[in-house]
Amino acid sequence: MTQDIRPTVKLSRRTLLRGSAAVAGVAAGSGAITGFPAVWSAEPKVLRYLGTAVNQSADIAKKVKEDTGITIEYVAVTTDDVTKRVITQPNSYDIVDTEYFSLKKLVPAGNLKAMNGKRIKEYGNITPVITKCELPDGQKIGDQGTAPKKVMFLEGEKSTKFAPEVTEWATLIPTVYNADTLGIRPDLIKTKVDSWAQLLNPEFKGKAAILNIPSIGIMDAAMVVEATGQYKYPDKGNMTKPEIDMTMKVLTEAKKNGQFRAFWKDFNESVNLMASGETVIQSMWSPAVTAVKSKGIPCVFQPLKEGYRSWASGFAVSKGVTGMKEDVAYEFVNWFLSGWAGAYLNRQGYYSAVLPTAKAAMEPYEWAYWMEGKPAEKDIHAPDGTLLDKAGNVRDGGSFDDRMGKVACWNAIMDENDYMVRKWNEFIAA
Amino acid sequence: MTDLARPSSAGAASAACPPPALGGAPAATALAATDAAAAPRAARPRGRHGWAPPAWLQALPMGLVFALFFVLPLALVAVVSLMDYNDYEIVPSFTLRSYTETFEGCYDQLPGLCTILKTYWTTVELCFTVWLLTLVIGFTISYFLAFHVRTVLMQTVLALLCTVPFWTSNVIRMISWIPLLGRNGLVNQALIGAGVVDVPVEWLLYSKFSVVLAFVHLFTFFMVIPIFNSMVRIDKRLIEAAYDAGASGWQTLWNVVIPLCRPGIVIGSIFVVTIVMGDFVTVGVMGGQQIASAGKIIETRLNALQFPPAAANAVILLAATLLIITALTKVVDIRKEL
């Protein structure tokens with residue numbers, strides 16, 4: 001499609017401008033001037049990159065500019081707003097970095113374009129954690145909730161139906177994923193924390209926190225309910241109405257008893273809560289723990305015996321992106337999977353989508369610390385140079401296989417999402 | 001435009017606090033329109049040929065802007081609130097689902113309160129507390145500015161000084177309270193250091209207290225300006241007369257100053273009430289996301305892409321706010337007073 005419109009006749013820039021002006025009313029600067037020969041080299045390579053602030057780093061933008069000449073314009077919004085923008089303003093971005101669990105909303109809405117696996121160099125090397133929900137050695141991992149394999153593939157380019165098997169049409173090309181657990185302040189906690197149930201331990205009354213993103217918060221609550229042995233869900237990521245009621249009741253009681261200090265909604269809030277000592281135990285994201293640590297405050301991303309709640313995010317292209325823009329988008333995605341960015345993310349405590357390329361871009365001692373769970377041979381530094389861990393220490397949660405192998409469920413959008421949101425409002429009002 | 005019709009004493013006031021403080025409110029705009037329409041025909045300016053353009057032409061541009069950017073979106077919200085929806089789209093078919101689900105269980109749970117009533121109870125409670133505090137503080141500041149500061153220059157300087165906090169964003173002014181009030185914040189450190197308490201005071205932050213504090217800090221100024229505006233127009237001779245007639249300070253305040261300030265008080269109250277009723281950012285940030293407010297429900301619904309119930313809640317919120325404002329304007333006939 002896009003390749004077919006490469007210019008066969010050489011046009012002067014002036015002719016092109018005149019032509020562009022004619023369609024400007026329609027295409028309005030989106031760069032999506034289809035059916036028009038374009039002088040590509042004359043146009044700057046710019047991508048508007050929509051996503052949460054977590055994955056948007058100035059370092060990545062700088063490096064990609066150096067390597068490929070692509071200018072990344074970050075549009076940083078919250079998780080919920082990413083979904084909202086994709087559905088309501090598909091022309092306000094070129095490439096979106098969103099989570100797999102949103103896809104149940106995004107794909108039927110038809111605002112994303114399937115990614116063509118044939119144009120992704122490392123397509124075959126994408127980690128099986130995402131594509132098949134298993135470790136590289138074939139061990140199966142938990143697939144409750146919206147596991148990426150359930151929503152990653154489409155039957156065809158224009159299809160809005162998820163394919164159960166690997167196909168060449170991907171909804172998202174994965175960028176990062178992780179297995180989340182609770183973050184704790186070991187210096188302020190005396191008890192040993194090894195279970196999700198500790199989130200509701202009265203000892204931490206007024207010092208606990210969870211996310212105020214209903215679809216994630218309720219999963220944490222479900223982990224707690226199972227950990228306390230009150231109930232075993234057939235699928236935590238797809239509860240029935242009575243299950244939602246029961247889960248919210250547990251949370252509501254805890255809230256009424258003053259268990260929670262606050263709820264947080266974005267990355268920085270969670271860092272501030274923890275760093276200031278307002279909370280000592282809370283749901284957290286790995287890089288947030290890293291951020292607290294890099295302030296010199298002890299913080300542990302505590303592995304828990306019931307396992308982790310996992311998530312994954314990836315790139316998709318807006319349906320309005322065609323022609324040169326689309327080529328630039330693929331060039332960027334290919335660059336992202338080619339190693340540097342993967343290594344960068346691994347060093348923050350995330351996991352990258354293509355492990356071999358990331359490994360090649362990391363020092364052996366870094367790889368051993370971050371991915372193999374071995375004691376650090378040298379001091380471990382964050383990408384910005386701050387000291388994260390001293391030589392001899394081991395990463396929280398151990399190796400990649402240890403951590404991803406213990407995934408219990410994935411962030412999800414439930415069939416009863418609408419009901420759940422209503423119940424969540426009730427919980428906040430309680 | 002109101003200033004033109006004012007006695008000269010208003011000049012000082014308008015220098016310190018320009019009319020936009022009033023003109024920004026839709027109510028004031030509506031007033032302007034009716035004023036123009038009600039102007040006596042004879043007073044119409046006549047052209048050279050005796051033809052006078054109809055007065056409503058003057059109000060037309062504002063009316064159009066008003067219709068396009070206020071009435072139309074509002075109508076759309078009302079329409080959307082009556083539509084069906086699923087996970088990712090609004091289904092264009094008529095249903096009352098958004099309303100019935102919003103009020104779900106309200107009847108069964110009586111005398112207990114359902115989510116929406118509980119939320120509105122909290123919202124109105126917050127609103128009333130904030131209103132009372134901003135009114136008392138705002139009135140006191142205005143009183144000081146109007147009666148204790150002698151020179152117009154000084155009044156202007158001090159009024160401008162009040163605007164200094166507005167040079168930074170609302171959110172920043174709000175967030176800067178957090179390190180102060182936190183468990184290990186400055187206030188707690190001081191309290192512990194002074195031996196007042198042994199363990200940090202927890203209710204300072206992420207509580208109704210911190211929400212009210214932030215609101216009062218953010219919005220007292222919206223009370224100060226309208227109250228100051230009406231206060232500075234009070235003829236000083238009236239106060240001298242009260243004094244001469246033997247009224248005490250309180251009597252003068254109660255029987256002369258406050259009645260004459262009523263329009264300012266009501267306008268300031270409208271500002272504060274409408275802002276607090278709709279706010280969800282301050283309640284969220286300062287309340288640690290744990291306190292429900294009407295705005296918060298709308299936000300959660302919007303975030304879950306459930307636009308019709310969000311719209312329904314917006315309509316309900318609008319109705320509730322209008323109810324309060326109608327009650328306020330019943331107390332004072334602003335049109336007459338202005």
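The sequence lines fix the lettering, A, B, ..., with proteins before strands; numbering per chain opens at 1. All of these numbers come straight from a predicted model, not from anything done at the bench.
- No part of B:Ile178 comes within reach of chain A, as not one of its non-hydrogen atoms sits under 4.5 angstrom from that chain.
- Neither the backbone nor the side chain of A:Ser102 comes within less than 4.5 Å of any heavy atom in chain B.
- Ranked by heavy-atom pairs shorter than 4.5 Å toward chain B, the options A:Lys265, A:Lys207, A:Glu278, A:Lys255 are led by A:Glu278.
- Side-chain polar atoms of A:Asn272 and A:Glu269 form no donor-acceptor pair below 3.5 angstrom.
- Looking at A:Ile413, only its side chain comes within 4.5 Å of chain B, counting heavy atoms on both sides.
- No side-chain donor-acceptor contact under 3.5 Å links A:Trp424 and B:Thr300.
- Note that A:Lys241 lies in the cation-pi zone of A:Tyr419, set by a 6.0 Å cut-off to the ring centre and a 45° limit from the axis.
- Looking at A:Thr79, there are no atoms closer than 4.5 Å to chain B (heavy atoms on both sides), in backbone or side chain.
- Only the side chain of A:Leu273 comes within contact range of chain B, with at least one heavy atom under 4.5 Å from a heavy atom of that chain.
- With a 4.5 Å cut-off on non-hydrogen atoms, A:Asn212 touches chain B through its side chain but not through its backbone.
- The contact between B:Leu205 and chain A is made by backbone and side chain atoms together, counting heavy-atom distances below 4.5 Å.
- Relative to the six-membered ring of A:Phe427, A:Arg422 misses at least one condition, a distance below 6.0 Å or an angle of at most 45° to the axis.
- Ranked by heavy-atom pairs under 4.5 Å with chain B, the list A:Asp418, A:Val421, A:Leu106 is led by A:Asp418.
- Residue contact with chain B, scored on non-hydrogen atoms closer than 4.5 Å, involves the backbone and the side chain of A:Ile428 alike.
- For the pair B:Arg183 and B:Tyr206, the cation-pi test (distance below 6.0 Å, angle within 45°) is failed.
- A donor-acceptor contact closer than 3.5 angstrom is absent between the side chains of A:Glu99 and A:Ser313.
- Put simply, of A:Ile213, A:Thr83, A:Asp81, A:Ile87, the one with the most heavy-atom pairs under 4.5 Å next to chain B is A:Ile87.
- Using modelled atom types and a 3.5 Å distance limit, the side chains of A:Lys236 and A:Gln144 yield a donor-acceptor pair.
- B:Thr282 and B:Asp279 share a donor-acceptor pair across their side chains, judged by distance under 3.5 Å alone.
- Of the atoms belonging to B:Glu104, it is side-chain heavy atoms, and not backbone ones, that fall under 4.5 Å from chain A.
- Contact tally against chain A (heavy-atom pairs below 4.5 Å) for B:Lys118, B:Gln306, B:Lys296: the top residue is B:Gln306.
- Side-chain N/O atoms of A:Asn411 and A:Tyr100 include no donor and acceptor closer than 3.5 Å.
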